[in-house]
Amino acid sequence: MSDETNPFKNAQKQLDTAAEVMGLDRNAHAILREPEREIHVHIPVRMDSGQTKVLEGFRVQYNDARGPFKGGIRFHPKENIDTVRALAAWMTWKCSLANIPFGGGKGGIVFDPKSVSEREMEAISRGYIRAIGKFIGPEVDIPAPDVYTTPQIMAWMADEYQKLVGHNAPGVVTGKPLEVGGSEGRFDSTALGGMYVLREAAKYKKIDLKKARIAIQGFGNAGRYALELSKSMFGSKVVAISDSSGGVYDPNGLDIEKLERYKDSGKELKNYAVGEKVGNEKLLELDVDVLIPAAIENQITKDNAGKIKAKILLELANGPVTPEADPILFENGVFDLPDFLVNSGGVIGSYFEWVQNLYNYYWTREEVYGKLDKIISKSFKDTIDTQNAYKAKGKSIDPRTAAYIIAIDRVSKAMKLRGWY
Ligand code: NAD
């Protein structure tokens, strides 16, 4: 992994940049550059063949000055500690920017989720919770879904934890199905939050979303809802979308229902017969108004940042833009809204689920959406206000740095008050 694509090095660089601009206390800076705790486990799993496989897993607990650690769990064959560390750091900033009472954490297991049976998947999920069970809990660390982890997996994980502790504690994990303590509105909350940010950004930049052309990279939970909501909320035209196999492009706008039916049949987009084929790299460079990376990290680097034509870059994925790409985008006038603002709807939805679990009192979908809109629109406003406040002082900073300054300031103040430095 080169330095530009090492996500944790990137997370540290982003912190350093903001720390320098805001004049962060060097003791606070030193604490915030490293995770508080890293748990490294090896999980024995009895496979269907009768053989026992030992899978490597991580849980990184980055900072809990403002509340319990909070963050998703990924299942991925290329999962590694640096990615998990970076994601845990970003969760810290995300929860702080949203001003919800959580710190940041993240977890992962190294294996290919497409290669296991349902029974094996359950055994892996439960094994992971047995391995990290002593270090999590509704008041300690609260996992959630992320890449290739589903509500069913969260239900198994919550169940395993509740068996370990011997009482009901659904608030240990969020992203659960409704029947076992999930929240209304949780599953589209990431993309919906991103759309609220897009609405505010378009208003700020005076872009008419009804006439906007949108390209989306990724067709998972985040990308798919972004596709649906772009049309249903704003009437925008989604002209391109991709999955890991490649993408499709139609300058007249894609037929969303047809696309969804096609994907639901389990097929890959590279074989979709409508529109032009477009590779994942070319998709990023299309002449569109809004570009939504909603797949994986390191998609926009110093090599292609100069080719991005979108007016608004809405980072729905975590870490899609490298620090080397940031100044290029900023100079070219791309309004790049950072991941930990744009996709914070997921953790805000998780926060609502956790609160409802603790209270055993459940809200309607409309209540959840209304509360989400309020919190995330405020985060957008705080970010722009901070950017403009620095501009007034003669310092020109991008929205990512502005968002970092807000988040870091809140965590540092909490650490100071708690006497950590
Ligand atoms: P997912 O597993 O549901 O979907 C991932 C999608 O990305 C799939 O369509 C896959 O085909 C596609 N993909 C994989 N590699 C690709 C590549 N090289 N190029 C293009 N597409 C590729 O995952 P998700 O939950 O939608 O998460 C996507 C991103 O959003 C991740 O960065 C994740 O961390 C972030 N995110 C998700 C949530 C959430 O609630 N789901 C919350 C916050 C952040």
Side-chain angles (χ1 to χ4, degrees), residues 5 7 11 70-79 83-84 86-91 93-95 97-98 104 106-108 112-114 143-151 153-154 174-176 182-183 185-195 197 215-228 240-248 259-260 262-264 266-270 272 278-284 291-301 304 314-321 338-353 372 376:
T5 55
K70 180 87 192 82
I73 296 166
R74 287 182 163 196
F75 291 170
H76 202 276
K78 291 201 187 126
E79 196 55 279
T83 307
V84 181
L87 290 161
W90 289 326
M91 281 305 294
W93 313 133
K94 193 181 296 188
C95 295
L97 179 66
K106 203 81 182 189
D112 179 2
K114 291 180 186 160
D146 199 89
V147 176
Y148 292 122
T149 44
T150 60
I153 291 170
M154 295 307 112
T174 57
K176 302 178 294 294
S183 172
R186 168 65 183 88
F187 293 106
D188 51 358
S189 65
T190 300
L192 183 60
M195 291 296 129
V197 173
I216 302 172
Q217 186 192 52
F219 207 124
N221 179 306
R224 184 182 181 134
Y225 280 119
L227 170 73
E228 280 174 23
I241 190 158
S242 63
D243 61 18
S244 55
S245 75
V248 285
L259 258 173
E260 293 195 324
Y262 178 81
K263 278 297 282 181
D264 286 342
K267 293 183 196 135
E268 292 186 315
L269 280 182
K270 70 171 181 210
Y272 189 64
V278 61
N280 265 308
E281 277 173 32
K282 276 278 163 275
L283 179 141
L284 301 170
L291 173 63
I292 309 182
I296 50 169
E297 52 278 351
N298 298 326
Q299 295 304 292
I300 298 168
T301 65
N304 62 355
L314 193 76
E315 297 181 16
L316 204 53
N318 279 311
V321 175
D339 47 6
F340 67 103
L341 163 65
V342 173
N343 67 32
S344 62
V347 75
I348 296 168
S350 276
Y351 166 57
F352 296 153
E353 181 176 335
L372 169 62
I376 206 161

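Indexing begins at 1, ligand by ligand and atom by atom, following the structure's order. Heavy-atom basis, side chains included; hydrogens, waters and symmetry copies ignored. The first residue in the sequence is number 1, and the count goes up from there.
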Any side-chain heavy-atom pair of Pro320 and Ile300 under 4.5 Å: no

Judging by distance only, is a nitrogen or oxygen of [X] under 3.5 angstrom from one on ligand 1?
| X | value |
| --- | --- |
| Ser242 | no |
| Leu87 | no |
| Gln299 | no |

message: Going by side-chain contact (heavy atoms from CB on, under 4.5 Å), Ser242 matches just one of Lys282, Lys270, Glu281, Gln217. Which one?
response: Gln217

query: Which of these, Asn318, Leu87, Val342, sits in a side-chain contact (heavy atoms from CB on, under 4.5 Å) with Lys94?
result: Asn318

- request: Report, in ascending order of atom number, the atoms of ligand 1 lying under 4.0 Å from any heavy atom of Ala317.
  value: 29 (C), 30 (O), 32 (O), 35 (C)

message: With heavy-atom distances below 4.0 Å as the criterion, list the atoms of ligand 1 near Tyr148.
response: 2 (O)

message: Set out, in order, the CA-CA distance, both residues' side-chain angles and the distance that settles side-chain contact (heavy atoms from CB on, under 4.5 Å) for Ile348 and Ser189, then state yes or no.
response: CA-CA 8 Å; Ile348 296 168; Ser189 65; over 6 Å; no

Between the main-chain N or O of [Y] and the side-chain N or O of [X], is there a donor-acceptor pair closer than 3.5 Å?
| X | Y | value |
| --- | --- | --- |
| Asp146 | Gly107 | no |
| Asp243 | Leu269 | yes |
| Asn343 | Ala191 | no |
| Tyr262 | Glu268 | yes |

Within reach of ligand 1, part of [X] (heavy-atom separation under 4.0 Å):
| X | result |
| --- | --- |
| Gln217 | side chain |
| Asp243 | both |
| Ala294 | backbone |
| Leu316 | backbone |

query: Would Arg74 and Glu297 pass as an ion pair if we require N to O under 4.0 Å?
result: yes

Which residue holds the protein heavy atom closest to [atom], what is that atom called, and what is the gap in Å?
| atom | result |
| --- | --- |
| atom 3 (O) of ligand 1 | Asn221 N, 2.9 Å |
| atom 19 (N) of ligand 1 | Asn280 ND2, 3.0 Å |
| atom 29 (C) of ligand 1 | Ala295 O, 3.2 Å |
| atom 15 (N) of ligand 1 | Ser244 CB, 3.6 Å |
| atom 27 (O) of ligand 1 | Val147 CG2, 4.1 Å |
| atom 34 (O) of ligand 1 | Asn318 ND2, 2.8 Å |
| atom 4 (O) of ligand 1 | Gly220 CA, 3.1 Å |
| atom 9 (O) of ligand 1 | Phe219 N, 2.9 Å |

- request: Pick, from Thr83, Thr190, Thr149, the option with the minimum heavy-atom distance to atom 42 (C) of ligand 1.
  value: Thr190

statement: Closest to atom 18 (N) of ligand 1 (heavy atoms only, candidates Ile296, Asp188, Val347, Thr150) is Ile296

query: So, Lys70 and Thr174: side-chain donor and acceptor under 3.5 Å apart, yes or no?
result: yes

field: Enclosure of Glu260 CD (heavy-atom neighbours >12, cutoff 6.0 Å)
entry: yes

- prompt: Does Arg74 have a non-hydrogen atom less than 4.0 Å from ligand 1?
  reply: yes

- prompt: Stepwise, does the side-chain contact (heavy atoms from CB on, under 4.5 Å) test hold for Tyr148 with Lys114?
  reply: CA-CA 9 Å; Tyr148 292 122; Lys114 291 180 186 160; 3.6 Å; yes

